[in-house]
Amino acid sequence: MIAFPAWLPFRRRSVAVRLAVSALIASSAILLIAAWILTTLYRENTERAFDSRLLVYANNLATDLISPNDPESRSFTLSDPRFDLPLSGWYWQIGRPDARPRDLRTSRSLVGVPLKPANRPDTNAGIGQIRQGYGRAQDERPLRIIERDVDLGEEGRYTVRVAGPADEIENDVGRFRFSLMVTFGLLGLFLALTTLLQIRFGLAPLTKLRSALGAIRRGEADRISGEYPRDIAPLAGEVNLLIETNREILERARTQVGNLAHALKTPLSIIVNEVGAGDAPPELAEKIREQAAVMRDQVNYHLDRARAAALAGTLGTSTEVEPALAGLVRTFGKIYRDKDIAYEVSVPAGLRFRGERQDFEEMVGNLVDNASKWANGRVAIRAEAVDQDAYPHLLVAVEDDGPGLPPEARSAVLGRGRRLDETKPGSGLGLSIVADLATLYRGRFRLEEAALGGLRAVIEVPGDAPAGVAQR
């Protein structure tokens with residue numbers, strides 16, 4: 001597996017992207033190296049074939065050179081008419097290594113200008129062996145040149161040099177390179193499609209596992225079911241075991257909270273009953289009842305908080321928002337029937353809260369209760385799905401048309417037991433409970449100015465959007 005540097009943007013992407021990029025880099029490198037090797041081999045083969053053609057001409061000239069005729073009367077002719085065309089790119093030349101230009105025998109195509117030797121010929125070649133390389137003609141046209149030495153004994157040593165246009169080699173190699181690039185391009189495209197199919201097929205079990213975990217999170221399933229490959233099956237089993245262990249721990253915590261509630265509330269009830277039935281002074285009895293009520297409220301508050309803390313991490317627990325809000329509106333409509341409050345509810349069907357229904361009703365119920373106390377006649381409740389940090393969240397906003405609250409006083413009312421107005425009934429723990437519950441569910445709670453003119457309370461907690469509804 002290719003190790004990517006930390007600064008690459010796809011290093012933190014999905015496994016599919018990492019596999020695709022790895023395959024793309026590896027395949028591209030292999031294809032490029034293969035193209036370079038094949039092009040080099042093809043060039044060498046093309047040069048050898050071209051040299052073979054030139055060697056045929058050089059051998060014909062060497063045959064004429066070693067004929068028994070007088071050196072001055074020897075005739076050097078080649079059947080290829082291109083050696084007779086001026087500056088055709090096809091040239092031959094015969095002469096001693098130290099001969100002057102006028103003593104050289106050359107083809108008509110050279111028009112009297114000597115043919116220079118190759119730029120880098122094989123200097124180790126002996127008499128009769130071939131030397132080849134590239135050079136330039138008098139018109140700067142690139143040439144492929146071969147030469148060989150012929151020893152005529154008493155007459156001395158002669159050099160036979162034949163050249164042809166190197167353009168033919170370059171053009172042939174260029175056509176091969178273009179065909180190779182087209183072929184390898186199509187091959188690379190086929191490999192890319194094959195790789196994508198392999199990745200999709202190979203990662204299908206992980207996609208299935210992710211869907212199963214999503215179903216558990218939404219409360220649609222209580223464990224991972226189905227068969228998985230041997231590499232992933234242990235992971236699914238460990239997750240199921242973790243879910244079962246989590247449920248057992250939460251069930252024990254719920255039982256302990258219930259036992260603690262019973263152990264605390266029973267003595268408080270006995271104290272209140274004994275004070276009412278005893279001979280204690282009225283002032284003392286009233287004070288004891290008042291403090292007992294405060295203790296009961298505090299006990300309920302902390303027990304509810306402990307229960308919520310235990311249940312906030314429960315997997316597979318979810319609550320449908322629409323029926324829960326409808327029940328709250330009916331309840332508070334009856335409680336505040338004297339104020340004739342108009343409740344406006346906006347919630348998409350299928351929207352869910354990832355948590356216990358009791359906790360959701362505790363949070364939203366406190367907000368609706370507080371809004372109903374201060375509203376002049378209207379309370380608006382709106383719920384929607386929002387996308388926060390790539391995870392779906394549920395936003396519930398409750399606002400009223402009451403007097404509102406100054407910005408500097410909004411943070412103060414979130415303190416435990418701090419009441420907006422002592423003339424209003426209640427313990428003052430409502431908004432504090434909402435803030436604590438929202439925090440336990442890794443959410444947020446804030447107070448804002450309402451469009452209706454009063455106070456707008458907003459909570460953002462984990463949730464799931466209904467199918468087909470876009471998140472904002």
Side-chain angles (χ1 to χ4, degrees), residues 1-4 8-27 30 188-255 310-321 323 348-357 359-360 385 387-394 441-442 461-471:
M1 186 70 178
I2 298 176
F4 299 112
L8 290 177
F10 51 77
R11 191 173 186 268
R12 295 180 296 273
R13 300 283 183 176
S14 66
V15 176
V17 173
R18 291 168 64 89
L19 290 175
V21 172
S22 301
L24 174 63
I25 294 176
S27 300
I30 293 174
L189 181 61
F190 175 76
L191 288 176
L193 294 176
T194 303
T195 301
L196 292 178
L197 291 177
Q198 289 177 341
I199 292 174
R200 187 177 182 86
F201 177 76
L203 296 182
L206 290 178
T207 303
K208 178 182 177 183
L209 181 61
R210 179 183 177 183
S211 300
L213 290 174
I216 294 174
R217 176 177 54 82
R218 294 189 299 271
E220 300 172 0
D222 56 0
R223 66 189 314 275
I224 297 175
S225 58
E227 296 185 359
Y228 293 89
R230 288 184 299 176
D231 299 333
I232 302 178
L235 175 61
E238 291 294 330
V239 172
N240 282 333
L241 181 60
L242 177 62
I243 293 173
E244 294 296 331
T245 303
N246 183 59
R247 288 201 179 106
E248 292 176 2
I249 293 174
L250 293 176
E251 187 62 32
R252 288 197 297 267
R254 184 181 303 177
T255 302
L311 298 179
T314 305
L315 295 175
T317 303
S318 66
T319 300
E320 193 167 354
V321 173
L351 188 62
R352 304 186 74 86
F353 162 68
R354 292 206 303 270
E356 291 282 338
R357 181 185 181 110
D359 294 334
F360 179 76
D387 194 8
Q388 178 180 321
D389 300 329
Y391 289 98
H393 274 64
L394 168 66
Y441 278 95
R442 298 180 180 87
V461 288
D464 291 299
V469 177
Q471 303 172 25

Check: residues 195-207 side-chain donor-acceptor pairs under 3.5 Å, at least two apart:
from, atom 1, to, atom 2, distance (Å)
T195, OG1, L191, O, 2.7
T207, OG1, L203, O, 3.2

May I have the list of side-chain donor-acceptor pairs in residues 227-243 shorter than 3.5 Å, sequence neighbours left out?
from, atom 1, to, atom 2, distance (Å)
N240, OD1, I224, N, 2.6
N240, ND2, I224, O, 3.0
N240, ND2, A236, O, 3.4

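Residues satisfying the side chain to side chain contact (heavy atoms under 4.5 Å, CB included) criterion with R357, sequence neighbours excluded, are T319, A324, E361.
Atom CZ of F360 and atom CD of E320 lie 10.5 Å apart (nearest 0.5 Å).
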